[in-house]
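Data block below; observations after.
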2 protein chains.
Amino acid sequence: MNAETLKGHLDLLLLTALEAHPAHGYAIAETLRARSEQAFDLPEGTLYPALHRLERAGLLASRWSDQSGRRRRVYHLTAKGRRALVKRQRDWLDFARAMRAVVGVQA
Amino acid sequence: MNAETLKGHLDLLLLTALEAHPAHGYAIAETLRARSEQAFDLPEGTLYPALHRLERAGLLASRWSDQSGRRRRVYHLTAKGRRALVKRQRDWLDFARAMRAVVGVQA
DNA sequence: ACGCGTGGCATAGCATAGCGATGTATGAAT
DNA sequence: ATTCATACATCGCTATGCTATGCCACGCGT
């Protein structure tokens, strides 16, 4: 998966990964890797700045967890984040539909 | 359709629009607008630089057409462009499949 | 004669997002 | 001891799409 492919769709992935329950960055990356069958393997320079960005935007909130000396920042969706998630899902479906219409049949 | 949504997928749209027959910039934009049911409405500052970029990359070639004083630059796919189109189609399908797997069911 | 809408192209400048590289630190396994 | 996986952070780069602006030609209405 090359660089620009993800652009503009990363937020949806991150929000989706946090939909069911809170998680820390590394776990989010694992979830996405697993669910996508290795297609999405977020580099750290992508993952962490994106989480910071979403937190700054008020879609996520975080707290430190300190289980056995291992410091982790655990993120969870805010109310605003949940609303954003719904909107991004709609946006994605619209986008995918339009792409399908232009590009041709879906596999 | 917001700004970053398109990022990384514009090339595929442009190449697709030129798959059947050559066309000039404005006509390409019309085609995409029509096929996507208005979802894709490329601003000029997006369209023309992108065409230049694809031509520089050797995926497109162009010639001027001068019908009745109306100057148009008509683009067509090169051999390399056709190969790129096939690859981008595959990439898109992979990406869409992975998104679907992560985000959930398709509309 | 003038403006306006549509067709048609171009570019400068900007904002932003994702990524590579690098650094730090802990615990488990070898 | 060393290496690997876990875990987070950030600097700096690059690419890309968009806004704004400018140019020109044609046809239509007033």
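Sequence lines set the chain letters: A, B, ... in the order given, protein chains first and strands last, and positions in each chain run from 1.
Closest non-hydrogen pair, B/R73 versus B/S62, comes out as NH1-OG, 2.8 Å. Closest non-hydrogen pair, A/Y48 versus A/G25, comes out as CE2-CA, 4.2 Å.
Nucleotide D/dG17 holds its P atom 14 Å from the NE2 atom of B/H52, rounded to whole Å. Nucleotide D/dA9 holds its C1' atom 16 Å from the CG atom of A/L42, rounded to whole Å. Separating the CZ atom of B/R73 from the C1' atom of C/dG7 is a distance of 17 Å, rounded to the nearest angstrom. Atom C1' of nucleotide C/dC9 and atom CZ of B/R63 are separated by 17 Å, given to the nearest angstrom. We find that CZ of B/R33 is positioned 11 Å from C1' of C/dT6, with the value rounded to whole Å. Following rounding to the nearest Å, B/L47 (CG) and C/dG7 (C1') show an atom-to-atom distance of 13 Å. At whole-Å resolution of the value, OH in B/Y26 and C1' in C/dA10 are 15 Å apart. Between A/R56 atom CZ and C/dT16 atom P there is a gap of 11 Å when expressed in whole angstrom units.
Heavy atoms of A/G25 sit under 4.0 angstrom from primed sugar atoms or phosphate atoms, though from no base atom.
Checked by atom type and distance alone, the side chain of A/T78 pairs as donor or acceptor with a backbone atom of A/G58 at under 3.5 Å. Here the side chain of B/K87 pairs no donor or acceptor atom with the backbone of B/R82 at under 3.5 angstrom.
Relative to the side chain of A/Y75, the nucleotides D/dT6, D/dC18, D/dA9 differ in distance, and D/dA9 lies closest. In this structure, of D/dT6, D/dC18, D/dA9, it is D/dA9 that holds the atom nearest to the side chain of A/Y48. Minimum atom distance to the side chain of A/H24 is reached by D/dC8, of the listed D/dA9, D/dC8, D/dC18.
B/H9 and A/H9 have their aromatic ring centers within a separation under 6.0 angstrom.
A residue-by-residue look at B/E30 and A/P49 shows that B/E30 has its nearest nucleotide of DNA chain C further toward the 5' end. For the pair A/W64 and A/E4, nearest-nucleotide mapping onto DNA chain D gives the more 5' position to A/W64.
Note on B/R88 versus B/D91: no salt bridge recorded, every NZ/NE/NH1/NH2 to OD/OE distance being 4.0 Å or above.
Residues from residues 5-23 of chain A lying near DNA chain D, meaning a heavy-atom separation below 4.0 Å, are absent.
Under a hydrophobic clustering in which Ile, Leu, Val, Met, Phe, Trp and Tyr are joined whenever their side-chain heavy atoms come within less than 4.5 Å, directly or via other members, B/L60 and B/V74 fall into different clusters.
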(Q) Please encode protein proximity along nucleotides 22-30 of chain C as a string of B, S and -, counting only heavy-atom distances under 4.0 Å. (A) ----BS---
(Q) salt bridge (Lys or Arg N to Asp or Glu O under 4.0 Å) for B/D66 and B/R71? Distances and angles first, verdict last. (A) CA-CA 5 Å; B/D66 238 314; B/R71 85 196 225 286; over 6 Å; no
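Side-chain nitrogen and oxygen atoms of A/R53 include none within less than 4.0 Å of the OP1 or OP2 phosphate oxygen of C/dT16.
The neighbour count for B/E37 CD, taken as heavy atoms of other residues, nucleotides or ligands under 6.0 Å away, does not exceed 12.
By the 30° and 60° cut-offs, the orientation of the rings of B/W92 relative to B/F95 is tilted.
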